Each structure stands twice: as C-alpha cells, then as structure tokens.
Amino acid sequence: MIDFNFITRFRAKDDFRKGYQHAKLSYLNRIRRTVTLFYFAMGLTFASWASRIPDIKATLGLSDGALGTILFSIPLGQLLIMPFSGKLVTRFSSYRMLIISLLLYAVALASLGFASVRWQLALGLFFFGMAGNVCNIAVNTQGVYTEMLFRRTIMGSFHGMWSFAGFTGALVGLGMMAIKLTPLEHFYIILAMVVLVVAFGYKFLIKTQEVIRTKKKKIFSKPDAALLWLGVIGFCCMASEGVMFDWSGVYFKDIVKAPGPLVVLGYTSFMIMMAGGRFLGDKVVHRFGRKKVLQISGLVISSGLFLSVLLPYIIPCTIAFMMVGLGVSTIVPTVYSIAGKNKTVPPGEALTIVSSVSFFGFLMGPPVIGYIAEAFSLRLSFALIGIFGIFIAIMVSKLNAFRTM
C-alpha cells in the first residue's frame, strides 16, 4: 500500500504549546473559531462547485459520459500532488500553506466559471483538485494542533463544520440561481468571501514549523487484512458520498425534472442530514454501539438510493437524499476510530491504509457514475451505487473488528 496520507506523520518541530500555556481561554477559543472558519471556507468552496454542476453541464452541452470523463480531472490533480503535499507543508509550514492553498482553491473555483469549452473545464478542475488536496492536509494539520491545545477531542466539530459548509453552499447556490447569477459571478462572490476569511483570520492560525517522522520502511508492504476491510467499508461509503456531491444536482435536473433553482434541493437535503449526523454521531455510537450504527447506516444509504430510483419525484427524492446523508454521516469517522485502535499496527500506519482505500471511493465514484449513466441510465447508476450500502452492512457483520462492539 502506497503511503498517501502525510497528516498522520506530521508533528511540530518544537513544542508549540509552551507559547500558549499562559493564554486565556478566550484567546484559545478564538484560535478554535478561526480554524473552524477555515474548514468552513474550504467546504463552502467545494460545495459552490457542486451546486453549479447542472448549470455548467447544460451550458457546455455535456452528456453524462462526457461529464464523468471531465470529473476525472479532480482526482487526477489530487493524486499527482499527493506525493508533494506533505513536503510543501513541511517546507513552508501548515499555516502558510493553508493560507496559500485556500486562496488558490478559491481562484481555481473562479476559473471554472470562465470555461466555455470542455478542455478549459477539465484544466480548471485539475488545478481545483491540486489546491484542494494541499488545503486539506494543511487545514487538518492546524486542526490537530488546535486539538492539542484544548487537550480533548474537537476534530469532529471541525469536520462537522465542513459538512455544514456544504449545506450552506447549496443554499447559496440556490439563491444565486434564483436571482439568475451566472456560475462565474457566483464563484467570484465565494472568492471574495474566502479572501475576507484569510485576511481576518490568518493571524490566529498556529504558527509552527512541521517535520515528518521518518523511519525506514518499504514503499510497498502487505497491509493488515482487517484494515483493508475497514478501508473497503470506507470506500463504499465515500463512493456514495462523492456521487451525492457531484451528481445529486444532475439527478434532480435530468431525472426528477425539478424546476429552476430547486435542482439543488437534493444536494441541500443530503448536506443537512450529513452535517447533523456528524455533530450527533458520537452520542449515537456511544449509546447503540459501533456495529449496530454502521449496519443501520449502510442499510439507510441503500434504502435512500433505491427510493430515489423507484420514486423519481421531488418530495420522495428529497427524503431519499436526506436518508443517504444520514447514512454516510457516521461511517467514515467510526471506521477511522476503529482503525486507530488496531492492536497490531501503529495508529498512523493504520489510518494511512484505511484512509487511502476510502478516499479512492470519493475520487473514483463520481466519474464512474458518468460512464454507467452514459451506457445505461442515471437511475440505474444510482441503483448500482445503492448496493454499496448493503455491502457495508454485510461486511460489518462479518468483520472480526466489530464482534465486540
């Protein structure tokens, strides 16, 4: 397994916490709010692109297969920058790279609004993927440092805010379409908002130099079988999540025939439930146990996708996409938590294996949907993705890691 995940190997060069040991709680809370705001800005940027996919698809006259091909540009950009992202963060520090990459992420978003031919959109998405990958590593590194200052788990709230930004981005997209703003005008507004976040928040980021824990290891090694299965569970979940991000708007426009701005209703309903589920997920897992929650979550994903296929109308599909959002909300955080407690593999390596396999689901799911839709139909492609939720429930039942949970 190739080590794509640099975050688990990062540490501060010096104990930066000494500089904050006498800091007031109000100042620490300001740091936390600032880092939360950067998570929000990153999520809003991605959601803004997702909310305008149907418009851009229609403007460029793209078929489902052509859109699927162009969507490969995002994972291609992410995969090509992955080996260098960690080195960039180490060389220039996470706070500098977060500022630079977030601004570039928003600039890349704005460039998508200029696309008038297919290659321009593909090129813009390529750089969008590259900037997003670096931004993801930098913001999560800042999140880890902030959590260290508070000495308690707060990463869930950061990721919950990213999901909430997705819901907000859908609403903003709905409003932009209602007042008939073009994607370019919409994306310029988002760029201005990101510039304001950076301008007012950069001073409260944690400023420390990173180093990477180094040790001699083979580039390729045989991963633990249980971790691979956890990765497959994460793959099925994130493939479903990626399809909702990139294809929910198209589904509402082409299949549901939602009028005007209501094409983002499915995406909005999905993001509301995913964000809410992540904020409440820890309590639910604590009460009912990981195994039961993951089994039910998998079945809820499948039920939602199947419902959207069987009843392609506004109200049933809105409910269906809410079900998918609720289903995916707890799976990946829970799988990562279990992987980190593996008794035979160090936590960093365990998370590397699981997150690498899982992330490919998010990257590859949306483009593959385009090809299936082109060959058969978009409804059939959603039905096939719906099978993944059943796979999750079955794998959770069989995997030894869940037998005591």
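Scope of the values below: all heavy atoms of this structure, side chains included, with no hydrogens, waters or symmetry mates. Just so we're clear, the structure is a prediction, and the values are computed from it rather than from any experiment.
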**Q** Can you label the angle between the F114 ring and the Y188 ring as parallel, tilted or perpendicular, going by 30° and 60°?
**A** perpendicular
**Q** Quick one: do S111 and F127 satisfy side-chain contact (heavy atoms from CB on, under 4.5 Å)? Show the steps, please.
**A** CA-CA 10 Å; S111 74; F127 288 109; over 6 Å; no
**Q** Taking the side chain as every heavy atom from C-beta outward, state whether Y267 and L171 have any pair of such atoms under 4.5 Å apart.
**A**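 Contact flag for Y267/L171 side chains = no.
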**Q** Show your working on side-chain contact (heavy atoms from CB on, under 4.5 Å) between Q142 and F38 and close with a plain yes or no.
**A** CA-CA 10 Å; Q142 284 286 312; F38 273 79; over 6 Å; no
**Q** A side-chain contact here means heavy atoms from C-beta on lying under 4.5 Å apart; do S51 and H186 qualify?
**A**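 Yes; the side chains approach each other to less than 4.5 Å.
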**Q** Testing the 3.5 Å rule here: is there a donor-acceptor pair between the side chains of T34 and Y202?
**A** no
**Q** Any idea which heavy atoms bring S94 and Y145 closest together, and the distance?
**A** OG-CE1, 4.0 Å
**Q** Could you report the tightest heavy-atom contact between G277 and S329, atom names first, then the distance?
**A**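 Answer, listing the atom of G277 first, then S329: CA-OG, 3.5 Å.
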**Q** Can you check whether V232 reaches L228 side chain to side chain, under 4.5 Å on heavy atoms?
**A** no
**Q** Could you tell me if the side chain of V293 sits less than 4.5 Å from the side chain of T334, heavy atoms only?
**A**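 No, their side chains stay 4.5 Å or more apart.
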**Q** Contact between L181 and I189 at the side-chain level, heavy atoms closer than 4.5 Å - yes or no?
**A**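 They are in contact (side-chain heavy atoms under 4.5 Å apart), so the answer is yes.
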**Q** Can you list the steps and then say if C236 with M395 is a side-chain contact (heavy atoms from CB on, under 4.5 Å)?
**A** CA-CA 11 Å; C236 291; M395 285 185 286; 4.0 Å; yes
**Q** Could you pull out the closest heavy-atom pair between A320 and S308, with the gap in Å?
**A**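 So the two residues come closest at CB-N, 3.7 Å.
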**Q** Looking only at heavy atoms, which two atoms of A170 and V264 are closest? And how far apart?
**A** O-CG2, 3.8 Å
**Q** To the nearest 0.5 Å, how far apart are CD1 in I100 and CE in M97?
**A**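 CE of M97 is found 5.0 Å from CD1 of I100.
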**Q** Please check if the number of heavy atoms outside I179 that lie under 6.0 Å from its CD1 is greater than 12.
**A** yes
**Q** Checking M244 against V328 for the side-chain contact (heavy atoms from CB on, under 4.5 Å) test, could you report, in this order, the C-alpha distance in whole Å, the side-chain angles of both residues, the deciding distance, and whether it holds?
**A** CA-CA 10 Å; M244 286 291 104; V328 303; over 6 Å; no
**Q** For atom CZ of R30, decide whether the heavy atoms of other residues, nucleotides or ligands shown that lie under 6.0 angstrom number more than 12.
**A**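 Result for CZ/R30: open.
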**Q** Using ring pair (Phe, Tyr, Trp, His ring centres under 6.0 Å) as the criterion, point out the one residue from F382, Y313, W247, F321 that pairs with F252.
**A** F321
**Q** Which value, rounded to the nearest 0.5 Å, describes the distance between L326 atom CG and I296 atom CD1?
**A** 10.0 Å
**Q** Would you give me the side-chain donor-acceptor pairs under 3.5 Å for residues 70-84, sequence neighbours excluded?
**A**
{"unit_1": "S73", "atom_1": "OG", "unit_2": "I70", "atom_2": "O", "d": "2.9"}
{"unit_1": "S73", "atom_1": "OG", "unit_2": "A122", "atom_2": "O", "d": "3.3"}

**Q** For Y371, is the OH atom crowded, meaning more than 12 foreign heavy atoms sit under 6.0 Å from it?
**A** yes
**Q** According to the interplanar angle, ranging from 0 to 90°, do the rings of F164 and F40 count as parallel (below 30°), tilted (30 to 60°) or perpendicular (above 60°)?
**A**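 Ring orientation of F164 relative to F40: tilted.
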**Q** When rounded to the nearest 0.5 angstrom, what is the spacing between SG in C135 and CD1 in I99?
**A** 11.0 Å
**Q** Do the side chains of V256 and L265 get nearer than 4.5 Å, heavy atoms only?
**A** no
**Q** Specify the closest pair of heavy atoms between L294 and T330, including all atoms of both residues, with the distance to one decimal.
**A** CD2-O, 4.2 Å
**Q** When you compare the side chain of R118 with that of T69, does any pair of heavy atoms fall below 4.5 Å?
**A**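 No, every pair of side-chain atoms sits at 4.5 Å or beyond.
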**Q** Check S48 against L109 and note the closest heavy-atom contact, atom names and distance.
**A** CB-CD2, 4.0 Å
**Q** Tell me whether the rings of F388 and F235 are parallel (<30°), tilted (30 to 60°) or perpendicular (>60°).
**A** tilted
**Q** If we ignore hydrogens and angles and just use 3.5 Å, is the side chain of S302 paired with the main-chain N or O of L299 as donor and acceptor?
**A**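 No, because the side chain of S302 does not come within donor-acceptor range (under 3.5 Å) of the backbone of L299.
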**Q** Going from CG on L67 to CG on D246, what distance comes out if it is rounded to the nearest 0.5 angstrom?
**A**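 Answer rounded to 0.5 Å: 7.5 Å.
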**Q** Determine yes or no for a side-chain-to-main-chain donor-acceptor pair under 3.5 angstrom, with Q120 supplying the side chain and S116 the backbone.
**A**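 A pair under 3.5 Å: yes.
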**Q** Is any side-chain heavy atom of V324 closer than 4.5 Å to a side-chain heavy atom of V243?
**A** no
**Q** Which salt bridge (Lys or Arg N to Asp or Glu O under 4.0 Å) pairs, counting each pair once, include a residue from residues 53-78, with sequence neighbours left out?
**A**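 Qualifying pairs, neighbours excluded: R52-D55, K57-D64, K57-D254.
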**Q** Quick one: which residue pairs count as a side chain to side chain donor-acceptor pair (under 3.5 Å) with a foot in residues 168-183, not counting sequence neighbours?
**A** T182-E185
**Q** Which distance, rounded to the nearest 0.5 Å, do you find between the CD1 of I390 and the CD1 of I301?
**A** 11.0 Å
**Q** Between CZ of R96 and CZ of R91, what distance do you get to the nearest 0.5 Å?
**A**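 Taking CZ in R96 and CZ in R91, the distance rounds to 9.0 Å.
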